Amino acid sequence: MLNRKSILKLSDGTTFSGWQFGAGCPAEGEVVFSTSMVGYPESLTDPSYQGQILCVCYPLVGNYGIPEPQFSPDGICLNFESEDIHVRGLVISDYSQRYSHHDAVRSLSSWMESRGIPGICGVDTRALTHLLREKSGMDAMILPEGSESCEKPGPHPVAQVSCKSVLRYGSGHKRVVLVDCGVKHNILRCLVKRGIEVVRVPWDYDYTKLDYDGLFISNGPGDPRECGLTISHLRKSLEEDRPVFGVCLGSQLMALAAGASTYRMPYGHRSHNQPVRMSGSRSCFITSQNHGYAVDTSSLPPGWEEAFVNLNDGTNEGIRHIRKPFMATQFHPEASGGPVDTEFLFDEFFARL
């Protein structure tokens with residue numbers, strides 16, 4: 001039963017009243033919205049949401065519960081995007097208290113409660129989304145009845161979500177070093193199933209002396225400019241000719257390493273339905289996205305060009321080198337759950353190895 005009141009309080013003083021589910025503790029962080037219609041287990045476990053309060057625009061959440069986590073023999077999570085929940089809190093319109101799915105073993109609320117993550121339902125998420133579109137970069141607090149303050153998110157979100165040691169997955173004739181800035185596990189699944197040996201290293205690890213055929217820079221949370229060590233190592237890699245592929249934060253880091261600049265977007269792109277066009281062609285794809293920063297294409301140095309562009313607002317969706325095998329996408333070609341329009345980019349990366 002939802003019988004405890006809760007409040008969502010924004011940094012501009014706006015408040016939304018609702019009901020508490022999940023953990024009964026308060027939470028604070030940047031509040032962002034996602035327009036995805038499915039995939040709340042994947043969204044909550046996406047490391048790119050580290051430290052943020054997520055507002056899900058789709059009105060019905062919790063109706064298919066939460067499955068039991070499953071792992072491959074080498075430790076890749078098969079039905080979540082990481083081993084744990086990374087959002088600070090969840091804001092929804094309607095929480096479905098009765099779930100039904102053949103894989104479900106528990107409710108969304110009990111899962112969140114076990115991880116200490118609060119939720120608030122009964123919120124007018126359309127009004128909240130409209131407000132967030134008008135005022136960018138807003139912080140918020142979820143305050144269940146009786147609470148007054150909460151612990152603020154920790155510093156350097158990439159350091160919080162990156163692995164702490166070198167990990168290995170899969171096997172094959174080609175080896176790829178994956179720089180983990182908060183990697184979604186479907187990226188690991190997409191690489192391994194193509195017969196690639198993946199060496200996953202922490203975000204600040206100096207991989208430049210390792211033996212590898214290609215380099216992958218993962219997604220992750222926060223401002224890319226805070227990843228100075230990653231940028232420094234990547235700058236050395238761009239002096240070579242080994243293939244490099246970046247996704248989301250990885251695209252921004254590649255741009256910074258090449259000498260370009262990035263900027264914070266008004267409210268970011270977080271959805272499964274963003275139309276993207278491949279530059280120099282009429283090919284258009286529907287993509288999944290989760291980012292709050294973008295590359296300033298006017299700052300790209302000679303030898304680099306825009307690879308994809310967003311058809312909604314014209315922002316950059318990827319870059320590539322004109323001669324060398326370097327490419328990055330702002331969207332997620334490994335999207336889970338869906339769309340899978342652009343997973344072929346993993347095949348192109350594999351062909352370059």
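Quick caveat, the model's predicted, so the values are computed rather than measured. What's counted below: heavy atoms across the whole structure, side chains too, no hydrogens, waters or symmetry copies.
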J.: Do Lys174 side-chain atoms and Glu197 backbone N/O form a donor-acceptor pair below 3.5 Å?
T.: no

J.: Quick one: list whatever passes side chain to side chain donor-acceptor pair (under 3.5 Å) with Tyr40, sequence neighbours left out.
T.: none

J.: Output, in order, the C-alpha distance, side-chain angles, deciding distance and verdict of side chain to side chain contact (heavy atoms under 4.5 Å, CB included) for Ile231 and Leu234.
T.: CA-CA 5 Å; Ile231 295 168; Leu234 183 53; 5.6 Å; no

J.: Between Asp241 and Lys324 (side chain of the first, backbone of the second, donor and acceptor by atom type, cut-off under 3.5 Å), is there such a pair?
T.: no

J.: Yes or no on side chain to side chain contact (heavy atoms under 4.5 Å, CB included) for Arg126 and Cys57, after CA distance, side-chain angles and deciding distance?
T.: CA-CA 7 Å; Arg126 291 178 298 178; Cys57 296; over 6 Å; no

J.: Mind checking the CG-NZ spacing from Asp12 to Lys9? Nearest 0.5 Å is all I need.
T.: 10.5 Å

J.: If we ignore angles and hydrogens, is there a donor and acceptor under 3.5 Å between the side chains of Tyr212 and Arg175?
T.: no

J.: Looking only at side chains, do Ser237 and Tyr207 share a donor and an acceptor under 3.5 Å apart?
T.: yes

J.: Can you give me every donor-acceptor pair (side chain of residues 345-353, partner residue at least two apart or in another chain, under 3.5 Å) with its distance?
T.:
{"from": "Asp347", "atom 1": "OD1", "to": "Arg194", "atom 2": "NE", "distance (Å)": "2.7"}
{"from": "Asp347", "atom 1": "OD1", "to": "Arg194", "atom 2": "NH2", "distance (Å)": "3.4"}

J.: Between the side chain of Tyr267 and the main-chain N/O of Gly292, is any donor-acceptor distance below 3.5 Å?
T.: no

J.: Under the salt bridge (Lys or Arg N to Asp or Glu O under 4.0 Å) definition, can you give me all pairs with a residue in residues 216-238, not counting sequence neighbours?
T.: Asp223-Arg225

J.: Decide yes or no on ring-ring contact (aromatic ring centres under 6.0 Å, His included) for Trp203 and His156, but give the supporting numbers first.
T.: CA-CA 11 Å; Trp203 70 280; His156 211 318; 4.6 Å; yes

J.: Got a sec, which hydrophobics cluster with Tyr99, joining ILVMFWY side chains under 4.5 Å apart, including via others?
T.: none

J.: Tell me yes or no: between the side chains of Glu317 and Gln289, is some donor less than 3.5 Å from an acceptor?
T.: yes

J.: Suppose clustering is done on Ile, Leu, Val, Met, Phe, Trp and Tyr with side-chain heavy atoms closer than 4.5 Å. Which residues sit in the same group as Leu78?
T.: none

J.: Considering all heavy atoms of both residues, which atom of Cys25 and which atom of Pro144 are nearest to each other, and what is their separation?
T.: O-CG, 3.5 Å

J.: When you compare the side chains of His86 and Ser82, does any donor N or O come within less than 3.5 Å of an acceptor on the partner?
T.: yes

J.: Do side-chain atoms of Thr45 reach the backbone of Pro41 as a donor and acceptor pair under 3.5 angstrom?
T.: yes

J.: State, to 0.1 Å, how close Pro221 and Val161 come at their nearest heavy-atom pair, and which atoms those are.
T.: CD-CG2, 3.8 Å

J.: Any side-chain donor paired with an acceptor under 3.5 Å for Asn63 and His101?
T.: no

J.: Is there a donor-acceptor pair closer than 3.5 Å between any side-chain N or O of Thr125 and the backbone N or O of Ser93?
T.: no

J.: Under the 3.5 angstrom rule, does the side chain of Ser288 hit a backbone N or O of Pro339 as a donor-acceptor pair?
T.: no

J.: Just distance, no hydrogens or angles: give the donor-acceptor pairs under 3.5 Å from side chains in residues 299-309, sequence neighbours left out.
T.:
{"from": "Ser299", "atom 1": "OG", "to": "Ser261", "atom 2": "N", "distance (Å)": "2.8"}
{"from": "Ser299", "atom 1": "OG", "to": "Ser261", "atom 2": "OG", "distance (Å)": "3.1"}
{"from": "Ser299", "atom 1": "OG", "to": "Asp296", "atom 2": "O", "distance (Å)": "2.6"}
{"from": "Glu305", "atom 1": "OE2", "to": "Arg320", "atom 2": "NE", "distance (Å)": "2.7"}
{"from": "Glu305", "atom 1": "OE2", "to": "Arg320", "atom 2": "NH2", "distance (Å)": "3.4"}
{"from": "Glu306", "atom 1": "OE2", "to": "Asn316", "atom 2": "ND2", "distance (Å)": "3.2"}

J.: Among Ile117, Ile120, Ile142, Leu108, which one satisfies side chain to side chain contact (heavy atoms under 4.5 Å, CB included) with Leu90?
T.: Leu108

J.: How far does CZ of Phe331 sit from CD1 of Ile286, to the nearest 0.5 angstrom?
T.: 11.0 Å

J.: When rounded to the nearest 0.5 angstrom, what is the spacing between OG1 in Thr230 and CG in Asp204?
T.: 7.0 Å

J.: With sequence neighbours excluded, what pairs up with Phe326 under the ring pair (Phe, Tyr, Trp, His ring centres under 6.0 Å) test?
T.: His321

J.: Rounded to the nearest 0.5 Å, what's the gap from CD1 on Ile196 to CZ on Phe216? Could you check?
T.: 9.5 Å

J.: Nearest 0.5 Å, please: how far is CD1 in Ile85 from OG in Ser114?
T.: 6.5 Å

J.: Before giving the answer on salt bridge (charged side-chain N to carboxylate O under 4.0 Å, His left out), spell out for Arg88 and Glu28 the whole-Å C-alpha distance, their side-chain angles and the decisive distance to 0.1 Å.
T.: CA-CA 7 Å; Arg88 295 278 294 183; Glu28 180 176 1; over 6 Å; no

J.: Would you mind listing every ring-ring contact (aromatic ring centres under 6.0 Å, His included) that reaches into residues 169-201, with sequence neighbours excluded?
T.: none

J.: Quick check: closest heavy atoms across Ala294 and Gln252, and the distance to 0.1 Å?
T.: N-NE2, 4.4 Å

J.: Can you name the side chain to side chain donor-acceptor pair (under 3.5 Å) partners of Arg277, sequence neighbours left out?
T.: none

J.: Less than 3.5 Å apart, any donor N or O on the side chain of Glu81 or Asn186 sitting next to an acceptor on the other?
T.: no

J.: May I ask you to decide if Met278's main-chain N or O and Ser281's side chain share a donor-acceptor pair within less than 3.5 Å?
T.: yes

J.: Checking Cys248 against His332 for the side chain to side chain contact (heavy atoms under 4.5 Å, CB included) test, could you report, in this order, the C-alpha distance in whole Å, the side-chain angles of both residues, the deciding distance, and whether it holds?
T.: CA-CA 7 Å; Cys248 199; His332 286 270; 3.7 Å; yes

J.: Quick one: which of Val32, Val91, Asn290 gives a side chain to side chain contact (heavy atoms under 4.5 Å, CB included) with Leu54?
T.: Val32

J.: Closest heavy-atom contact between Leu311 and Cys284?
T.: CD1-SG, 3.4 Å

J.: Listed by chain and number, what are the side chain to side chain donor-acceptor pair (under 3.5 Å) partners of Asp74, not counting sequence neighbours?
T.: Ser72

J.: Test side chain to side chain contact (heavy atoms under 4.5 Å, CB included) on His269 and Thr315; report intermediate values, then the result.
T.: CA-CA 10 Å; His269 291 160; Thr315 55; 3.3 Å; yes

J.: Taking atom CZ of Arg106 as the centre, report whether more than 12 heavy atoms of other residues, nucleotides or ligands fall under 6.0 Å from it.
T.: yes

J.: Who pairs with Phe16 by ring pair (Phe, Tyr, Trp, His ring centres under 6.0 Å), at least two apart in sequence or on another chain?
T.: none

J.: Report yes if the side chains of Val179 and Leu215 come closer than 4.5 Å at any heavy-atom pair, otherwise no.
T.: yes

J.: Spell out, as yes or no, whether a donor-acceptor pair under 3.5 Å connects the side chain of Asn219 to the backbone of Val247.
T.: no

J.: When you measure from the side chain of Gln20 to the backbone of Gly22, do you find a donor-acceptor pair of N or O atoms at a distance under 3.5 Å?
T.: yes

J.: Would you please name every residue forming a side chain to side chain donor-acceptor pair (under 3.5 Å) with Ser36, sequence neighbours left out?
T.: Ser34, His272

J.: Return the minimal non-hydrogen interatomic distance between Pro67 and Val105, and the atom names on each side.
T.: C-CG2, 3.7 Å

J.: Looking at Ser109 and Phe21, would you say the former's side chain and the latter's main chain have a donor-acceptor pair under 3.5 Å?
T.: no

J.: What's the separation between atom SG in Cys55 and atom CD1 in Ile92, rounded to the nearest 0.5 Å?
T.: 9.5 Å

